[in-house]
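What follows is one structure encoded as structure tokens, with my remarks underneath.
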Amino acid sequence: MTNACLPIGLPGWAAAYDDTAAHVAGDEARLRLAIELARLNVEYGTGGPFGAAIFEQASGRLVAIGVNSVLRLGNSVMHAEMMAIMRAQKGRASHTLREPAHALYASCEPCAMCLGGILWSGVRRLVCGAPAAAARAIGFDEGPVYPESYHYIEQAGIEVRRGLLADEAEAVVRRYRERGGVIYNA
């Protein structure tokens, strides 16, 4: 059995955005970074129309970014949120992002897997752009995510804000379809 490391590397173009010394103030600016990551992932053809960024909640320091890398890395769990969580935990050398409090910004509402990953990651806040219906509208299956799913994570202590900059984020999802992007879980 091989003991190889799981690749969680970003596409080359993303290095310019992976500045963990950066401080970003406010929900809109932080979410715009996640949306821009998603847009560039589509434009460069390196993955699906989803981006994520994790910040220290109080300071606004960027901890990690992620872009959908399912096709690029040949791994079904390499969604933007999971990439950001894995990269943040690796950078922190910890299995939890609970202290200091961290916030995850996602260009689109998370699928079932990512919502579970967010719950288990220790992230204390989730801010989303496009509704999951935008991803479903172009053919992605987001899995069993219900209003109760969000209620559950809120009861677990994760603050949730949905629909911020939804039009900007939805435009990226539609652009992916227009460019003929692969719907890999249809």
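Values in this document were obtained by computation on a predicted structure and should not be read as measured data.
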Could you grab the distance from atom CE of M82 to atom OG of S76, nearest 0.5 Å is fine?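 If I round to the nearest 0.5 Å, the distance is 10.0 Å.
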Under the salt bridge (charged side-chain N to carboxylate O under 4.0 Å, His left out) definition, can you give me all pairs with a residue in [range], not counting sequence neighbours?
{"range": "residues 49-64", "result": "E56-R61, E56-R92"}
{"range": "residues 148-158", "result": "none"}
{"range": "residues 117-127", "result": "D27-R125, R125-E159"}
{"range": "residues 126-137", "result": "none"}

Under the 3.5 angstrom rule, does the side chain of N41 hit a backbone N or O of G48 as a donor-acceptor pair? yes
Return yes if some donor-acceptor pair links the side-chain N/O of S107 with the main-chain N/O of I35 below 3.5 Å, else return no.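 No; zero donor-acceptor contacts below 3.5 Å.
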Looking at residues at least two apart in the chain, or sitting in another chain, which of them share a side-chain contact (heavy atoms from CB on, under 4.5 Å) with [X]?
{"X": "A156", "result": "L119"}
{"X": "A135", "result": "F50, C108, F140, E142"}
{"X": "A88", "result": "I54, V63, A64, L97"}
{"X": "A137", "result": "none"}

Criterion side chain to side chain contact (heavy atoms under 4.5 Å, CB included) against M83, the qualifying member of N68, L73, V70: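 The residue from N68, L73, V70 that satisfies side chain to side chain contact (heavy atoms under 4.5 Å, CB included) with M83 turns out to be L73.
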Check ion pair E28-R32 (N to O, under 4.0 angstrom):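 Yes, charged N to carboxylate O under 4.0 Å.
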Do any pairs count as a ring pair (Phe, Tyr, Trp, His ring centres under 6.0 Å) and have a residue in residues 144-163, sequence neighbours left out, and if so which ones?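 Qualifying pairs: none.
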Pair listing, ring pair (Phe, Tyr, Trp, His ring centres under 6.0 Å) test, anchored in residues 95-128, at least two apart: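 Only F55-Y105 qualify under ring pair (Phe, Tyr, Trp, His ring centres under 6.0 Å).
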Could you list the residues that satisfy ring pair (Phe, Tyr, Trp, His ring centres under 6.0 Å) with Y44, not counting sequence neighbours? W13
Suppose we screen for side-chain hydrogen bond (donor to acceptor under 3.5 Å, both in side chains). Which residues come up paired with R174, at least two apart in sequence or across chains?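 For R174 there are no side-chain hydrogen bond (donor to acceptor under 3.5 Å, both in side chains) partners, ignoring immediate neighbours.
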